[in-house]
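See below for the structure under consideration.
Every number for a ligand or one of its atoms is a count from 1 in the order of the listing.
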Amino acid sequence: MGRNVLILLGYPGAGKGTQAKEVMRRLCIPQISTGDMLREEIKRKSAYGKAAQELMAAGRFVDDEIVDAIVAGRIRRDDCRKGFILDGYPRTVAQAETFSRGMRTDDRLWVIEISADPEHVMSRLLGRLMCPNSDCTQIYNVHSRAPKVEGFCDKCGSALVHRPDDVMEKIQERFVHYRAKTDPLVEYYKNTGRFRQIDGRPAAAEVTRQLMALIDSEDLEGDMAQPVAKLRKGYIA
Ligand code: ADP
């Protein structure tokens with residue numbers, strides 16, 4: 001049986017992580033966040049973590065080979081056999097091409113961009129707090145999604161942290177890289193016919209509603225097999 005594969009695209013702060021967690025709960029397929037996995041590699045001081053640390057701290061992209069390998073390993077795990085949600089991957093056309101070679105013809109693919117302009121997401125990122133517990137990684141925001149007890153995770157009680165790359169200068173750097181490397185990816189997926197866009201500006205619950213409506217839509221399911229075949233062949237219109 002084919003897998004349900006959801007790729008979420010969007011600027012840093014557009015809400016990919018928040019939405020991925022909600023979709024994961026509803027569809028019972030895991031969220032695969034390359035940002036979370038890389039932070040975990042850094043914590044473990046693995047070879048990948050060492051290679052990624054400086055690049056991430058500077059707001060730059062980690063090398064494709066590292067991210068491709070981490071994702072490929074994660075997808076092979078048993079909990080992904082029915083599908084998975086990719087949050088933060090692919091982020092370059094080269095990553096998308098590598099990923100597409102592992103797709104199966106009966107996989108069902110959705111590529112959805114949560115759109116949000118950089119000015120709007122800047123304040124979200126500056127106010128973002130995250131749970132550092134790798135089994136939890138819940139996301140909060142001091143403006144819109146404050147934890148019940150200030151500074152502590154509602155779910156697991158860990159002390160929340162402000163990500164070191166969520167500072168003005170690093171955020172601007174991340175936007176520059178997104179524009180240069182991920183915008184072309186949007187064109188890539190538009191050409192496969194798999195691309196949809198939703199508005200990331202409303203409150204999180206409304207964005208989830210839009211996202212689920214799109215995933216549930218018959219129309220999207222109907223035209224699935226062929227574009228996956230196109231992706232496997234590396235086809236671009
Ligand atoms: P955001 O999307 O808000 O910037 P993430 O937690 O998804 O945050 O990613 C944090 C950082 O991890 C990125 O700035 C980048 O350095 C690195 N990273 C994550 N995913 C990728 C990827 N697919 N390719 C290259 N680098 C990545």
Consider every N or O of [X] and every N or O of ligand 1, then say whether any pair is closer than 3.5 Å.
| X | result |
| --- | --- |
| Gly59 | no |
| Met56 | no |
| Tyr89 | no |
| Asp87 | no |

May I ask you to identify the nearest protein heavy atom to [atom], giving residue, atom name and distance to one decimal place in Å?
| atom | result |
| --- | --- |
| atom 16 (O) of ligand 1 | Arg60 O, 2.5 Å |
| atom 26 (N) of ligand 1 | Val62 N, 3.0 Å |
| atom 21 (C) of ligand 1 | Arg91 NE, 3.3 Å |
| atom 18 (N) of ligand 1 | Leu38 CD1, 3.5 Å |
| atom 24 (N) of ligand 1 | Gln95 NE2, 2.9 Å |
| atom 14 (O) of ligand 1 | Arg174 CG, 3.9 Å |
| atom 8 (O) of ligand 1 | Arg163 NH2, 3.0 Å |

Atom indices of ligand 1 within 4.0 angstrom of [X] heavy atoms, with elements:
| X | answer |
| --- | --- |
| Val67 | 22 (C), 23 (N), 24 (N), 25 (C) |
| Lys16 | 2 (O) |
| Arg39 | 6 (O), 10 (C) |
| Thr34 | 19 (C), 20 (N), 21 (C), 23 (N) |

Could you give the distance from OG (Ser33) to CD1 (Ile139), rounded to the nearest 0.5 Å?
-> 7.5 Å
Drop me the distance from Leu86's CG to Lys16's NZ, to the nearest 0.5 angstrom.
-> 12.0 Å
cation_pi(Arg91, Phe61) dist<6.0 Å, angle<=45 | yes
Sub-4.0 Å heavy-atom approach of Arg128 to ligand 1 = yes
Check: Glu41/Ser46 side-chain N/O donor and acceptor closer than 3.5 Å | yes
Decide whether Asn4 and Arg108 meet the rule of one side-chain donor and one side-chain acceptor closer than 3.5 Å.
-> yes
What heavy-atom pair brings [X] and [Y] nearest, and what distance separates the two atoms?
| X | Y | value |
| --- | --- | --- |
| Tyr189 | Pro90 | OH-CG, 3.3 Å |
| Asp165 | Lys170 | O-CB, 3.4 Å |
| Gly13 | Leu125 | CA-CD2, 3.5 Å |

Summary of ring pair (Phe, Tyr, Trp, His ring centres under 6.0 Å) pairs that have at least one residue in residues 5-31, sequence neighbours excluded = Tyr11-Phe175, Tyr11-Tyr178
Does the Gln19 side chain pair with the main chain of Ala204, one donor and one acceptor, at a distance under 3.5 Å?
-> yes
